[in-house]
**Student:** 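One structure is given below, represented as structure tokens, and several questions about it will come after.
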There are 2 protein chains.
Amino acid sequence: MPDDNFQLNQFLPYLLNQAAEASSLEFQQIYKDRYGMLRTEWRVLFHLGLYGRMTASEIGARANMHKTKISRAVQKLTERRFVTRARDDADRRVEHLALTAQGQAAYDDLHQVAQRYDWDLTADLNEAERAALKKMLVKLSGKRPAGFT
Amino acid sequence: MPDDNFQLNQFLPYLLNQAAEASSLEFQQIYKDRYGMLRTEWRVLFHLGLYGRMTASEIGARANMHKTKISRAVQKLTERRFVTRARDDADRRVEHLALTAQGQAAYDDLHQVAQRYDWDLTADLNEAERAALKKMLVKLSGKRPAGFT
DNA sequence: GCTTGTTAGTTACAAAAACAACTATTACAA
DNA sequence: TTGTAATAGTTGTTTTTGTAACTAACAAGC
């Protein structure tokens, strides 16, 4: 049953927000300072870097990002020559997005930073704990509590 | 050492954000629908409900919220008669904030919902896991990874 | 062929957040 | 005192986000 002396830092959505904000801060600073990117732009960059050529919709589906966010992020990224767009021959509504050499370089750099950063964040956890934490978070990411629609 | 095949859903800040967003969605809908509140307003309400009379700065310190956010949240909450402000006699810069009866009622209601909601979110964890998760999140909330300043 | 509906992506406008500059009050030191 | 710095909170302006309406291209039924 629910805990009777409820506190704000026992409320998962609140806790997750706090942890997310705190843990993003320094990383955010890095991609902002080095490449002038916003969170949306960083995310698009990483999706292209990790999964290769994709369309905006595919990124949206994977990242749970609204298409307008992606549209604007892609616009900025193409303006700054990190990303190229190519119309699909068969279906001309579709655009295939891919990293330029410059985009790839930025991705490689930030990828390294992220990896190291992630490691440092969880430095005091052992392998099992780290894995357990991430697994729970993945589960929570896809979940809606029952009975609250 | 850092994991070599890095994926986006192994990057903690990203994961935390996804989990936070997903897990907040339905709850957000509730306080928005029932009381027309924003996240900032909900947070102020909960701080007052949980810890009693406080000043804006105290809330800011606890919640890691910028003072302008709080100022505007308090303004809305007083307009809607959820909160009252009272100048401090000794130091007239300071305002003491407190819930009205109506504010208390809203808090009581949402508090119940939150408790239940939180429980449902973690329904498939046992007590130990639930506690471990929250403990890790609290730790992450206060933490900045070393070497990234 | 022509409707009607759907999908990919963009654009325009409104809501919210971030950031900087401001007022009012207190503290404190010369 | 009085001048300088600090603190509590507000206001104004710029960015970013959210939402809805839009264009263009395709699909399917008739």
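The model shown is predicted, which means the values in this text are computed figures rather than measured ones. As a basis for the values below, the full set of heavy atoms in this structure was taken, side chains included, without hydrogen atoms, waters or symmetry mates. So that the names make sense, note that chain A is the first sequence line, chain B the second, and so on, each numbered from 1.
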**Student:** Could you give me the CA-CA distance, side-chain angles and deciding distance for B/Phe46 and A/Tyr14, then say whether ring pair (Phe, Tyr, Trp, His ring centres under 6.0 Å) is met?
**Tutor:** CA-CA 11 Å; B/Phe46 261 56; A/Tyr14 181 80; 8.8 Å; no
**Student:** Identify each atom pair where a protein N or O and an N or O of nucleotides 1-7 of chain D are less than 3.5 Å apart, giving names and distance.
**Tutor:**
residue : atom : partner : partner atom : Å
D/dT7   : O2   : B/Arg93 : NH1          : 2.8

**Student:** C/dT25 C1' sits how many Å from B/Lys67 NZ, rounded?
**Tutor:** 13 Å
**Student:** Salt bridge check: are B/Lys134 and B/Asp118 linked by an N-O gap of less than 4.0 Å?
**Tutor:** yes
**Student:** If you measure from CG on A/Leu125 to NZ on B/Lys139, what distance do you get to the nearest 0.5 Å?
**Tutor:** 6.5 Å
**Student:** Mind checking if A/Arg85 touches a base, just sugar-phosphate, or nothing, with heavy atoms under 4.0 Å?
**Tutor:** sugar-phosphate
**Student:** Answer yes when A/Arg93 and A/Asp88 have at least one side-chain N-carboxylate O distance shorter than 4.0 Å, and no when they do not.
**Tutor:** no
**Student:** Could you give the CD-to-C1' distance, from B/Glu21 to D/dG18, as a whole number of Å?
**Tutor:** 12 Å
**Student:** Before you tell me yes or no, could you show the steps for B/Arg81 and B/Thr100 under side-chain hydrogen bond (donor to acceptor under 3.5 Å, both in side chains), namely the whole-Å CA-CA distance, both residues' side-chain angles and the distance that decides it to 0.1 Å?
**Tutor:** CA-CA 7 Å; B/Arg81 314 273 182 241; B/Thr100 61; over 6 Å; no
**Student:** Quickly work out the B/Met65 CE to D/dA8 C1' distance and round it to whole Å.
**Tutor:** 16 Å
**Student:** Is the B/Tyr35-B/Trp42 ring centre distance short of 6.0 angstrom?
**Tutor:** no
**Student:** State whether the side chain of B/Gln115 and the backbone N or O of B/Gln112 hold a donor-acceptor pair below 3.5 Å, judged by distance alone.
**Tutor:** no
**Student:** Need one value for B/Ala90: base, sugar-phosphate or nothing, where a base atom within 4.0 Å counts as base even if backbone is also close, heavy atoms only.
**Tutor:** sugar-phosphate
**Student:** Sort me out a list of protein N/O and nucleotides 16-19 of chain C N/O pairs below 3.5 Å, or just none if empty.
**Tutor:**
residue : atom : partner : partner atom : Å
C/dA18  : OP2  : B/Lys69 : NZ           : 3.1
C/dA18  : N6   : B/Arg72 : NH1          : 3.4

**Student:** Check every atom of C/dT26, D/dC26, D/dA8 against the side chain of B/Asp91 and return the nucleotide holding the closest atom.
**Tutor:** C/dT26
**Student:** Without decimals, in angstroms, what is the distance between A/Glu41 CD and D/dT17 C1'?
**Tutor:** 13 Å
**Student:** Please confirm whether A/Arg62 makes a cation-pi placement over A/Tyr51, using NZ or CZ under 6.0 Å from the six-membered ring centre and within 45° of the ring normal.
**Tutor:** yes
**Student:** CZ of A/Arg92 versus P of C/dT10: gap in Å, rounded?
**Tutor:** 15 Å
**Student:** Hey, mind stepping through B/Glu79 and B/Lys76 against salt bridge (charged side-chain N to carboxylate O under 4.0 Å, His left out) and telling me if it holds?
**Tutor:** CA-CA 5 Å; B/Glu79 273 170 22; B/Lys76 271 268 182 66; over 6 Å; no
**Student:** Round to the nearest Å and state the distance from A/Glu58 atom CD to C/dA8 atom C1'.
**Tutor:** 11 Å
**Student:** B/Arg87 CZ to C/dT23 C1': how many Å, rounded?
**Tutor:** 11 Å
**Student:** Separation of B/Ile70 atom CD1 from D/dA8 atom P, in whole Å?
**Tutor:** 11 Å
